[in-house]
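To keep things clear, I will list the structure first and then write my remarks on it.
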Amino acid sequence: MLENISKYHIILASNSPRRRELLAGLGIDFEVKVLPDINESYPHSLPVVDIAQYIAREKAAAYRPLMRANDLIVTADTVVIAGDEVMGKPADAADARRMLRKLSGKVHQVTTGVCLTTLTKQRDFSVTTHVSFKTLTDEEIDFYINRYKPFDKAGAYGIQEWIGYIGVTGLQGSYFNVMGLPVQRIYTELAAF
């Protein structure tokens, strides 16, 4: 499968072990390469649904000067949107607690922006999943934060962890997108690349 991309050296530009696992699930060979200190800021006038895609493009731009002719770079960014707030990674336990309380008992959106980049071509897109949470108790929130330390996760949670098992009551869209990489859409885009 995906013979059309066999001429490319695929590079996943992400430190996320979840993204590595998900991309590997497509059965393609790739290398992980991460540049330090990539700017992940965005214009505050940008609609919230466009933020992840914008950041994925900005990440790709940081890699462009280092690319070789046959490189295909995959960059991604995931944001959690609760009401009008865009939640990135929590700064500390108090911030994680605040985020989880805001998600508790409500539906929120998880949007992952992806950018596929070669020296001659670029394709970017985003995928949004709607996630419903039960009302979480303070004890459940504290247990999760203390045990799982979700400080590297947008919205302060990983759906594949304990909080997802006990808290997620519904999902509309891609489960894997909530984990950090919409692999079905990436497969479709790579097949057409």
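No experiment lies behind these values; they were computed from the predicted model shown. Positions are given from 1, in the same order as the sequence printed here. Hydrogens, waters and symmetry mates play no part in the numbers below; they use all other heavy atoms, side chains included.
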Item to check | Steps toward side chain to side chain contact (heavy atoms under 4.5 Å, CB included) verdict (Met87, His108) | outcome: CA-CA 10 Å; Met87 296 179 174; His108 65 275; over 6 Å; no

Checklist entry - Run the side chain to side chain contact (heavy atoms under 4.5 Å, CB included) check on Val110 and Tyr157 step by step: do they pass? => result CA-CA 11 Å; Val110 178; Tyr157 80 94; 3.7 Å; yes

Is there a side-chain contact between [X] and [Y] in this structure, where contact means two heavy atoms from C-beta onward sitting under 4.5 Å apart?
X	Y	result
Val114	Pro182	yes
Val79	Gln109	no
Ser104	Phe133	no
Ile11	Phe30	no
Ile28	Leu23	yes
Asp124	Tyr54	no
Met67	Thr117	yes

Checklist entry - Closest approach of Ile38 and Ala62, non-hydrogen atoms and distance? => result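 Answer, listing the atom of Ile38 first, then Ala62: CD1-CB, 4.1 Å.
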
Checklist entry - So, for Ala156 and Tyr144, which heavy atoms are closest and what is the spacing to 0.1 Å? => result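 Closest heavy-atom pair between Ala156 and Tyr144: O-CE2, 3.4 Å.
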
Determine whether [X] and [Y] fall in the same hydrophobic cluster, where Ile, Leu, Val, Met, Phe, Trp and Tyr are linked whenever their side-chain heavy atoms lie under 4.5 Å apart.
X	Y	answer
Met99	Met179	yes
Leu171	Leu22	yes
Ile81	Val107	no
Phe125	Val49	no
Leu35	Leu12	yes

Look only at the side chain of [X] and the backbone of [Y], and say whether a donor-acceptor pair between them is shorter than 3.5 Å.
X	Y	result
Thr111	Ala52	no
Asn39	Ser41	yes
Thr112	Asn177	yes
Arg19	Gly180	yes
Tyr63	Lys33	yes
Glu140	Thr137	yes
Lys7	Asn70	no

Next on the checklist: Do the side chains of Arg97 and Asp138 get close enough for a salt bridge, i.e. N-O under 4.0 angstrom?
Outcome noted: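 Here Arg97 does not pair with Asp138 in a salt bridge, since their nearest N and O are not under 4.0 Å apart.
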
Checklist entry - Taking atom types as modelled, is there a side-chain donor on Tyr42 or Glu58 under 3.5 Å from an acceptor on the other? => result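 On atom types as modelled, these side chains do not qualify, holding no pair under 3.5 Å.
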
Please determine whether the number of non-hydrogen atoms from other residues, nucleotides or ligands lying under 6.0 Å from atom [atom1] of [X] exceeds 12.
X	atom1	result
Tyr8	OH	yes
Lys89	NZ	no
Glu85	CD	yes
Asp29	CG	no

Checklist entry - In this structure, which one of Tyr175, Phe176, Tyr165 forms a side-chain contact (heavy atoms from CB on, under 4.5 Å) with Ile159? => result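 Going through Tyr175, Phe176, Tyr165 one by one, the side-chain contact (heavy atoms from CB on, under 4.5 Å) with Ile159 is satisfied by Tyr175 alone.
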
Checklist entry - How far apart are the C-alpha atoms of Arg64 and Gln122, what are their side-chain angles, what is the distance that settles it, and do they pass the side chain to side chain contact (heavy atoms under 4.5 Å, CB included) test? => result CA-CA 11 Å; Arg64 191 172 278 283; Gln122 187 170 66; 4.1 Å; yes

Item to check | side chain to side chain donor-acceptor pair (under 3.5 Å) assessment of Thr78 paired with Arg18 | outcome: CA-CA 12 Å; Thr78 301; Arg18 292 162 301 282; over 6 Å; no

Next on the checklist: Between Ile166 and Lys134, does the side chain to side chain contact (heavy atoms under 4.5 Å, CB included) criterion hold? Intermediate values first, please.
Outcome noted: CA-CA 8 Å; Ile166 66 104; Lys134 77 175 192 101; 4.0 Å; yes

Checklist entry - For the residue pair Trp162 and Tyr148, does the interplanar ring angle fall in the parallel (under 30°), tilted (30 to 60°) or perpendicular (over 60°) class? => result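 If you compare the ring of Trp162 with that of Tyr148, the planes turn out parallel.
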
Per-pair distances, 0.1 Å, donor-acceptor, side chain in residues 184-193, under 3.5 Å, sequence neighbours excluded:
{"unit_1": "Gln184", "atom_1": "NE2", "unit_2": "Thr188", "atom_2": "OG1", "d": "3.1"}
{"unit_1": "Arg185", "atom_1": "NE", "unit_2": "Glu189", "atom_2": "OE2", "d": "2.7"}
{"unit_1": "Arg185", "atom_1": "NH2", "unit_2": "Glu189", "atom_2": "OE2", "d": "3.1"}
{"unit_1": "Thr188", "atom_1": "OG1", "unit_2": "Gln184", "atom_2": "O", "d": "3.1"}
{"unit_1": "Glu189", "atom_1": "OE1", "unit_2": "Arg123", "atom_2": "NE", "d": "2.8"}
{"unit_1": "Glu189", "atom_1": "OE2", "unit_2": "Arg123", "atom_2": "NH2", "d": "3.3"}

Checklist entry - Could you give the distance from OG1 (Thr135) to CZ (Arg101), rounded to the nearest 0.5 Å? => result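 The CZ atom of Arg101 is 13.0 Å from OG1 of Thr135, to the nearest 0.5 Å.
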
